[in-house]
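Reckoned from all heavy atoms, side chains included, excluding hydrogens, waters and symmetry mates. Order of listing sets the numbers, starting from 1, for every ligand and every atom in it.
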Amino acid sequence: MTVRFADHLKDIPDYIPGKPMEELERELGVTEALKMASNENFMGPPPKVMVAISEKIRSLNLYPDSGCFLLRNGLGKKWGVQPDQVIVGNGSNYLIELIARCVLNPGAEGITCDPSFLFYRRAIKGAMGIHQSIPLRSFEVDIEDLLNGVSDRTRLILLASPNNPTGRPISFSKLTRLMARLDPGVLVVLDEAYFDFIRSPEVRSGLELLKDHPNLIVLKTFSKYYSLAGLRIGYGIAHTDIIKALMKLYLPFNVGTLAQAAALAFLEEEEPLSEARRINEEGKEYLYRELRSLGLEFVPTEANFILVRVGKATQVYEGLLKRGIIVRDMTPWKLPGHIRVTISLPENNQRFMKELRDIMEGIWKRPVPVLGR
Ligand SMILES: Cc1ncc(COP(=O)(O)O)c(C=O)c1O
């Protein structure tokens, strides 16, 4: 007899976690493999945050504060909202999944504008919802298309600004238009995981719309700009009624003591990270110049990664992998011909470009001019 799993699992692709770097290096026979695939911050947390983490180690025998009391207070102060408008989770991924479970019924629809973060559809399907995909137009969210896709069955819309994998943000005027015209019974999740990297003045946070729109939740994370991906901590800000509903299925103690301590320390430590933004900007300009010199198209980004059209994406991905550089092949995201690369430190960006140039020469069977020579 075989176990009878939930029917909706059939519609969810297998999850295959990436291999740890040590194992990859062993398999590939390379040292110093370079991961440019998960949009992490390459700088690491500032010393004050590391000290705050180490000071909490001796209390690891105790459960964490399940209500994240101090952190919700601190975040409330930072954003000018009440602490009970804040929910903290084990990464914003946990919150995305929690929201889907709290909002969707079997057969209810969740919408994404694609290509977008693949986890969204998994959360919708995992909550027994029906996933509806609205295609992006020229890599941008189209509000008319999105509104036309809303039906009586729609309960949830998941949007990222900037979007992963395109790096394109949603302008404030588009957001305002969406919220003004949408059925207020539909919850909009605005995922601002990469918001701190944005430079465009046309983009403003969805937090500004919260007062007028109780059907909006804005998600933030400490994983990207704040360099704490390994600790797993993110948060959401919304109307208190939304937070109250989400708390019904909230997994107790899901945010660890060290994660809470690190995030709290960050609230007192904003400035050192402006360096991360500067390095990202410089890295972006360098990669733009180099990619242009190769004649490769890319989508201008407002995040810490770039979507690049390389043609034979799987071949390029595998070629880079053999040379110890891990990027993302976008073929499974229904973006054939594209890779996504995280903007890194200058030496890493240079190593990536050197290998990419070499691989492209091999594919095109012609030498490629080198910038500055
Ligand atoms: C758009 C988007 N949202 C959320 C996440 C996950 O964030 P967290 O580490 O907080 O779970 C990612 C990670 O890649 C992402 O790209």
Arg357 and Glu290: salt bridge (Lys or Arg N to Asp or Glu O under 4.0 Å), yes or no, with the steps? CA-CA 9 Å; Arg357 189 174 284 277; Glu290 291 284 329; 3.0 Å; yes

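- Residue contacts with ligand 1 for Asn93 involve both N, CA, C or O and side-chain atoms from C-beta outward (heavy atoms, distance under 4.0 Å).
- The N/O atoms of Asn39, backbone and side chain alike, include none that comes under 3.5 Å of an N/O atom in ligand 1.
- Between the side chain of Thr301 and the main chain of Phe305, a donor-acceptor pair closer than 3.5 Å is present.
- For the residue pair Pro165 and Pro115, the shortest heavy atom distance occurs at CD-O, 3.6 Å.
- More than 12 heavy atoms of other residues, nucleotides or ligands shown are found within 6.0 angstrom of CD on Glu347.
- The closest protein non-hydrogen atom to atom 12 (C) of ligand 1 is Phe117 CZ, 3.4 Å.
- Atoms of ligand 1 found under 4.0 Å from any heavy atom of Ser223, numbered from 1 in the order shown, are 8 (P), 9 (O), 10 (O).
- Between Phe197 and Tyr225, the gap from one ring centroid to the other is short of 6.0 Å.
- Of all atoms in ligand 1, listed by their number and element, those nearer than 4.0 Å to a heavy atom of Arg232 are 8 (P), 9 (O), 11 (O).
- Both tests hold for Arg204 against Phe172: distance to the six-membered ring centre under 6.0 Å, angle to the ring axis within 45°.
- Of all protein heavy atoms, the one closest to atom 13 (C) of ligand 1 is Lys224 NZ, 3.0 Å.
- Protein heavy atom in closest approach to atom 2 (C) of ligand 1: Asp191 OD2, 3.4 Å.
- Between Tyr120 and ligand 1, no N or O atom pair is found at a separation short of 3.5 Å.
- Residue contacts with ligand 1 include Ser92, since one of its heavy atoms falls under 4.0 Å from the ligand.
- Salt bridge status for Glu302 with Arg199: absent, with no side-chain N to carboxylate O gap under 4.0 Å.
- With a 4.0 Å cut-off on non-hydrogen atoms, Tyr194 touches ligand 1 through its side chain and not its backbone.
- In terms of N/O distances under 3.5 Å, ligand 1 is not approached by Ser38.
- The environment of CZ in Phe42 is crowded: more than 12 heavy-atom neighbours from other residues, nucleotides or ligands sit within 6.0 Å.
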